[in-house]
Every structure is written in structure tokens, then in C-alpha cells.
2 protein chains.
Amino acid sequence: MFSQACKYAIRAVLYLAVHASEGKKVGVKDIAAALDVPKYFLAKILQQLSRNNLISSTKGPSGGFFLSEKNREATLKDVVECIDGPDVFNSCILGLPICSSENPCPLHVQAFAYREGLHYQLKHQAIGDLAKRIEREEQKI
Amino acid sequence: MFSQACKYAIRAVLYLAVHASEGKKVGVKDIAAALDVPKYFLAKILQQLSRNNLISSTKGPSGGFFLSEKNREATLKDVVECIDGPDVFNSCILGLPICSSENPCPLHVQAFAYREGLHYQLKHQAIGDLAKRIEREEQKI
DNA sequence: TTAATAAGAGATTTTTTTGTCTTTTATTGT
DNA sequence: ACAATAAAAGACAAAAAAATCTCTTATTAA
């Protein structure tokens, strides 16, 4: 479903949502260690998210990554599309270019129905709200 | 979700289910052309399916690939697991090793629903029956 | 029984993805 | 101003996935 880079991106964003803020920035090193993820690779991913204004960063001492209030209003759908491109939730599960609701492939109905469920959640839940649920339910990232 | 190889495998099996039989075998070349898929790559995939008795084949003139009646009783779940391995429907969408219903990752519930829905169909519908539906509804493969 | 045919098997190449390292730039506390 | 810090950027390497090519083996029809 998601590329490795995308999985790391989602986890990193959620980690920042829970553990960082304007006043408490976190460096790549710490995030990578906390998530047990390759440091340099994660750095690249964070750069890309930062360039697309999905996360915030500052250089220099006491710098690092965090989520602004604005960032918290974005959704994981934005994150996913930033890393894996805009077609993740639309492309045919069998890779057929002509597949659609009008012209469905043999797996279209089932694939579409259940993928939309995931898509819906990622699209309609702000990252900030998701973070609150994660803290409340003490979920692992 | 599925690797490229797996997508080709599913399509090839469905193609055989609809267009081939014991008495009407089809060669790689024809399948590749019909599905617009790389020939040599498809050949490798068909070999693997054949080794695992998910499709049948004979060499030599008038040889080729087809589905036996036995083959038609298998499911696409078998095909998928043959190519992409047994964890496709079980592994965490974020790649977390500890993720489960008891210890869910932040996306577990929706991701699980998505995959189980698809999994269920692939698991409980015989390839032979699926082929009949495809013919009835004139679906593209 | 031989030439033609088509899958099987193995090796290899290409492309994409993942992961690493080094240098540059911006920022901050002293 | 300056040394230290941390992200940004660019180049590079390794691994995995996708795709291609060649040779071998089995089968069949002439």
C-alpha cells in the first residue's frame, strides 16, 4: 500500500504531533532513534515534508522539527500524497488504466469500498486531533 | 498493496480462467499481448504459478498454459500469496512489528477493515466462479 | 526421427527504492 | 565575531524489484 518512505513519513509526523511543538523542537537523530528508522533516509523524508509545508523546522542550535498549529490542521492524506504521489487512493488495484466505477476491474468493488474507508479517515481527521487520540489511547507509533 | 508481479499474476490467471482450458491452451506471448504486459517477466511469473500448481502447462507445439478444473477451485488469495508471500494480508500498514488488534497502531482499525474486506473476497471466491462473473459482466482484465 | 515449437531454468541487465555520506547554509548562545 | 549546532542539499552506494536474454528440455506433428 504505502512505500517504506511513506510509512516513515506518517510515523514521523505523528511522532512530532505527539512529542514536539513550537517550543520543543526535535532533531532527526532523536526521531530516528525513537522510531527505530534509518537516520539519513528519514532526514530526506523530513526535508520533503518541510518543503511542502507539512512540517516545520529551524536550523541551528536548539533547532529541529516540529508541527505548527497550521501543520496540525493538515491530514495524513496530505502527508501520504506528498511522499507517494496523488494517485495512491485512486489507482486501480490491478494497475489497469481504464478501471473506474463505470468500467470496473474484477476487484474494483471490494478494493474501492474498503480503501475508501481508509482514505476517508486519513482525509477527514486533522493530524492534531489524531495525535490527541494517540495520547489518549496510548498507541505506539 | 500488490507488487507489479502480483498484479500481472492475478490478471494472467483470470485471463486463463476466461480464455483457456485443457483443450485450448494459450502461450505466454498471447497472454502478454492480450494483457499488454512484459513478455519475459510474465513468463517468470507463470513459471512460479505453475511450480505451485496454481496453473497448468504443457511444453511443445500446441502446448501452453491453461487452468485445470482443480486449478479453478483455487482462489486469488492463493495466487497472491504465491507471488507476494504469506504476509500481504497480515502485516501492519505502518510496518510496525508489534501492531495487532490488542496493540493497534493509529491506523490499524481502518487498515484492517480495508484489507480484511478484500482478503475475504479473494479467499472465498473460487477462480472458476470469478471467471464466470467476469464473462457475465464483460469486465476488462 | 527430426525440425519446429513452447515452457523451464539460469544468468544478466535495468530501473526503482532505500539507505548513507559529505558539504553547505542558517541560527544561536557565548 | 565566532564556535557549535542542526537542517538543507547534493552526490553516492546498496538492495530490491522489474524486465530481458540465452540456453535447455520436453513434446508434437510431419
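Protein chains get the first letters and strands the later ones, always in sequence-line order, with residue 1 at the start of each. Keep in mind the model is a prediction, meaning the values are calculated, not measured.
With sequence neighbours left out, B/Gln4 forms a side-chain contact (heavy atoms from CB on, under 4.5 Å) with B/Lys7, B/Tyr8. Take B/Tyr114 and apply the side-chain contact (heavy atoms from CB on, under 4.5 Å) test, not counting sequence neighbours, and it matches A/Met1, A/Ile93, A/Tyr114, A/Arg115, A/Leu118, B/Met1. Not counting sequence neighbours, the partners of B/His108 by the side-chain contact (heavy atoms from CB on, under 4.5 Å) test are B/Cys99, B/Ser101, B/Pro104, B/Cys105, B/Phe112. For B/Asp84, the side-chain hydrogen bond (donor to acceptor under 3.5 Å, both in side chains) partners two or more places apart in sequence, or in a different chain, are B/Ser3.
Here chain A contacts DNA chain C (any atom closer than 4.0 Å to a heavy atom, that is under 4.0 Å), and the contacts span C/dT18 to C/dT28 from 5' to 3'.
In terms of heavy atoms, A/Leu16 sits closest to A/Phe65 at CD2-O, 3.7 Å.
Residue B/Val28 is the one, among A/Ala5 and B/Val28, whose nearest nucleotide of DNA chain C lies closer to the 5' end (criterion: closest heavy atom).
Linking ILVMFWY side-chain heavy atoms closer than 4.5 Å, directly or via other members, places A/Val26 and A/Phe66 in two distinct hydrophobic clusters.
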Just distance, no hydrogens or angles: give the donor-acceptor pairs under 3.5 Å from side chains in residues 72-80 of chain A, sequence neighbours left out.
| from | atom 1 | to | atom 2 | distance (Å) |
| --- | --- | --- | --- | --- |
| A/Arg72 | NH1 | A/Ala17 | O | 2.8 |
| A/Arg72 | NH2 | A/Ala20 | O | 2.8 |
| A/Thr75 | OG1 | A/Lys77 | N | 3.3 |
| A/Thr75 | OG1 | A/Asp78 | N | 3.4 |
| A/Thr75 | OG1 | A/Asp78 | OD2 | 3.3 |
| A/Thr75 | OG1 | A/Leu122 | O | 3.2 |
| A/Lys77 | NZ | A/Glu81 | OE2 | 2.8 |
| A/Lys77 | NZ | A/His119 | NE2 | 3.4 |
| A/Asp78 | OD2 | A/Thr75 | N | 2.9 |

Just distance, no hydrogens or angles: give the donor-acceptor pairs under 3.5 Å from side chains in residues 38-64 of chain A, sequence neighbours left out.
| from | atom 1 | to | atom 2 | distance (Å) |
| --- | --- | --- | --- | --- |
| A/Gln48 | NE2 | A/Cys82 | O | 3.0 |
| A/Asn52 | ND2 | A/Gln48 | O | 2.8 |
| A/Ser56 | OG | A/Asn71 | OD1 | 2.5 |

Table please: side-chain donor-acceptor pairs of residues 128-141 of chain B below 3.5 Å, with sequence neighbours left out.
| from | atom 1 | to | atom 2 | distance (Å) |
| --- | --- | --- | --- | --- |
| B/Arg133 | NH2 | A/Pro106 | O | 2.6 |
| B/Glu137 | OE1 | B/Gln139 | NE2 | 3.3 |

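Nucleotide D/dA6 holds its C1' atom 13 Å from the CD1 atom of A/Ile55, rounded to whole Å.
Residue pairs that meet the side-chain hydrogen bond (donor to acceptor under 3.5 Å, both in side chains) test with at least one member in residues 9-37 of chain B, sequence neighbours left out, do not exist here.
Using a 4.0 Å cut-off on heavy atoms, the residues of residues 57-64 of chain A that approach DNA chain C are A/Lys59, A/Gly60, A/Pro61, listed by number. Proximity of residues 36-49 of chain B to DNA chain C (heavy atom under 4.0 angstrom from any strand atom) is restricted to B/Lys44, B/Gln47. Taken residue by residue, residues 6-27 of chain A places heavy atoms nearer than 4.0 Å to DNA chain D at A/Val26, A/Gly27.
Using a 4.0 Å cut-off, some side-chain N or O of A/Arg51 falls inside it from OP1 or OP2 of D/dA9.
Of the inter-residue distances, the one linking A/Leu94 atom CG with A/Leu107 atom CG reads 4.5 Å to the nearest 0.5 angstrom.
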